[in-house]
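Please read the structure below before turning to the comments.
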Protein chains: 2
Amino acid sequence: MLQLARCDQQAIDLAKAKRVQKWQRDPEGMRLRILEAAKQEFAAHGLAGARVDRIAANAGANKRMLYYHVGNKEDLYLAVLEGAYEKIRSEERGLDLEHLDPPEAIERLIDFTWNYFLRNPEFLALLNTENLAKARHLKRSTKVKSMHSPFVEMIRTVVTRGVESGDFRVTVDPVQLYISIAALCFFYLSNSATLSVIFGRDLLKKEARDERLAHMVALVLAALTGKSTADFGKAVGQGVRPPAHQPV
Amino acid sequence: MLQLARCDQQAIDLAKAKRVQKWQRDPEGMRLRILEAAKQEFAAHGLAGARVDRIAANAGANKRMLYYHVGNKEDLYLAVLEGAYEKIRSEERGLDLEHLDPPEAIERLIDFTWNYFLRNPEFLALLNTENLAKARHLKRSTKVKSMHSPFVEMIRTVVTRGVESGDFRVTVDPVQLYISIAALCFFYLSNSATLSVIFGRDLLKKEARDERLAHMVALVLAALTGKSTADFGKAVGQGVRPPAHQPV
DNA sequence: CGGGAAATTAACCCGTTGGATAAATACTGG
DNA sequence: CCAGTATTTATCCAACGGGTTAATTTCCCG
């Protein structure tokens with residue numbers, strides 16, 4: 001008792017003397033940490049499986065902070081989702097496909113999409129979660145709808161140029177083409193866990209990834225140009241080909 | 001009070017006389033109804049979002065029945081998942097690709113995969129859920145692993161035959177090819193909700209679905225055979241082409 | 001430097017949910 | 001027809017989890 005009282009007195013003295021702070025203000029930083037933690041949590045467990053307490057803990061924050069800075073669980077989720085879309089579209093805008101000749105532009109688009117998904121696995125999980133919810137939240141979002149037409153136009157331009165130059169034999173709906181490219185990348189990575197079990201291969205190891213990228217590029221370009229590249233995926237046998245292509 | 005008593009007596013009399021049964025036994029039927037309800041529930045809400053009480057209600061059963069006939073929530077989930085895999089593999093086995101010439105076999109495989117996913121949207125949702133869980137449950141399952149090699153061999157045969165006959169210009173790893181075909185179908189359907197919002201089109205309406213199937217067949221066959229089919233998706237402009245292909 | 005708004009913490013509330021228990025009821029083999 | 005087993009019902013509960021309330025601390029600016 002006496003001892004305790006002495007300690008308390010000491011603590012107070014220290015607090016006054018050295019101005020010991022229990023915490024410091026940082027609203028912007030806090031908000032970012034919250035959103036980052038939320039992204040990881042939603043990506044790892046889905047909307048229903050995510051735990052608000054875990055988000056708070058991983059953000060190094062008090063649970064109350066989530067509600068103070070962002071809102072309830074669903075607001076948090078929507079904020080994360082919007083952020084994720086903004087990020088990928090912003091990177092895509094920097095792709096600059098106009099200056100490449102069409103086949104190279106397509107290859108670059110595939111390469112980018114693949115590596116973006118590889119670098120941002122949470123993005124895949126978030127999209128799946130949102131689709132499970134039938135895009136309920138995305139529909140409410142005003143931000144997201146506007147940011148996609150420029151991208152489609154960019155692809156349309158590439159296709160048109162390719163057809164005019166004779167590089168591409170046929171014309172394609174740019175939306176279909178983009179969906180197909182995204183599909184080839186997305187499905188492989190998003191479902192790699194079950195596919196690896198089913199086919200008894202580790203689909204995420206380096207060689208497998210390189211092989212997959214080569215396969216996708218070959219598939220799409222062969223279809224568009226009619227010229228079959230040599231490397232269409234590893235042979236029917238077991239040999240593994242060296243990667244034909246490296247991330248940017 | 002008196003009235004009530006009289007009613008009770010009446011009820012008892014009726015029960016004895018007409019042998020009124022409050023319920024009748026049907027273990028197998030019950031089990032099936034439980035699994036069906038569970039499939040819908042897990043597909044609609046994911047593992048964490050699924051509610052055991054809702055499953056019971058939709059199965060027309062008491063909650064206790066789930067635990068009695070199948071097990072706890074995770075057991076239920078695994079049973080549903082295994083059932084889903086069994087169903088698609090079993091249907092695939094009936095595809096009988098051996099008797100078709102290679103390009104037709106591939107087209108048929110795409111057609112089947114597409115329509116299977118279309119008819120069984122829960123299957124897509126279940127796979128996504130399982131991948132969110134990093135295939136944790138599937139790894140535990142002994143049943144599932146074995147049933148896939150025959151299918152891969154079936155595709156391998158088609159590819160080999162195609163190369164030998166000269167129909168296909170290049171050889172392809174059958175696993176890569178199957179993943180690509182599944183990807184083109186799966187991603188479009190599984191993500192149709194968000195994609196529809198983003199691109200401002202209803203991707204599930206009849207014309208869009210027909211268009212998609214034609215696009216996928218054209219893409220894959222063009223890549224394999226080198227012969228571009230005319231119909232590679234709707235033009236760069238806005239015209240919609242009539243469906244080139246109908247479900248079986 | 002001090003008062004008040006902004007930021008943060010601590011503690012609590014309460015409906016939900018997975019799961020368990022025991023009693024009641026139907027069926028079946030002897 | 002009866003005894004024992006299989007199946008179903010009716011409750012209960014403890015843990016969890018999202019959200020809130022109120023107090024506490026920091027910082028800014030007049």
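In what follows, chains carry the letters A, B, and so on, assigned in the order in which the sequence lines appear, proteins first and then strands, with residues in each chain numbered from 1.
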B:R51 atom CZ is separated from C:dG15 atom P, nearest whole Å, by 17 Å
When we call it a touch if two heavy atoms are under 4.0 Å apart, what does B:R25 touch: a base, just sugar-phosphate, or nothing? base
Discussion item. Quick check: any donor-acceptor pair below 3.5 Å linking the side-chain of A:N62 to the base of C:dA10?
Written reply: yes
Span of DNA chain D engaged by chain A, first through last nucleotide within the 4.0 Å heavy-atom cut-off, is D:dG17 to D:dC27
Sorted by chain and residue number, the salt bridge (Lys or Arg N to Asp or Glu O under 4.0 Å) partners of A:R54 (sequence neighbours excluded) come out as A:E41
Walking DNA chain C from its 5' end, the first of B:A48 and A:R33 to be reached, judged by nearest nucleotide, is A:R33
Regarding A:A56, tell me which of base, sugar-phosphate or nothing describes its non-hydrogen contacts under 4.0 Å with the strands shown.
nothing
note: A:E28, atom CD; C:dA7, atom C1'; distance rounded to Å ~ 11 Å
### Query
Do the rings of B:F187 and A:F186 sit parallel, tilted or perpendicular, given the 30° and 60° boundaries?
tilted
Note: contacts of residues 64-74 of chain B with DNA chain D (heavy atom, under 4.0 Å) are B:R64, B:M65, B:Y68, B:H69
A quick test of your reading: do over 12 heavy atoms of other residues, nucleotides or ligands sit less than 6.0 Å from CD of A:Q24?
no
Residues at least two apart in sequence or cross-chain that pass side chain to side chain donor-acceptor pair (under 3.5 Å) with B:S149, listed by chain then number, are none
Tell me whether B:E74 is salt-bridged to B:R136, with the criterion being a basic N under 4.0 Å from an acidic carboxylate O. yes
Exercise for the section: Using a strict cut-off of less than 4.0 Å between a Lys/Arg side-chain nitrogen and an Asp/Glu carboxylate oxygen, indicate whether A:E122 and A:K87 qualify as a salt bridge. Expected result: no
Within residues 36-46 of chain A, the residues having a heavy atom closer than 4.0 Å to DNA chain D are none
How far apart are the C-alpha atoms of A:R31 and A:E28, what are their side-chain angles, what is the distance that settles it, and do they pass the salt bridge (charged side-chain N to carboxylate O under 4.0 Å, His left out) test?
CA-CA 5 Å; A:R31 192 186 149 87; A:E28 299 83 10; over 6 Å; no
In terms of heavy-atom contacts, A:H137 and A:A133 come closest through CE1-CB, 3.8 Å
- Item | 4.5 Å side-chain heavy-atom contact, B:T194 and A:Y85 | yes
Salt-bridge present (B:E36, B:R33; N to O < 4.0 Å):
no
For residues 76-83 of chain B, which side-chain donor-acceptor pairs fall under 3.5 Å, sequence neighbours excluded?
residue, atom, partner, partner atom, Å
B:Y77, OH, B:E130, N, 3.3
B:Y77, OH, B:E130, OE1, 2.6
B:E82, OE2, B:S141, OG, 2.7

When A:G49 and A:Q24 are each assigned the nearest nucleotide of DNA chain D, the 5'-most assignment goes to A:G49
From NZ of A:K63 across to P of C:dT9 the rounded distance in Å is 14 Å
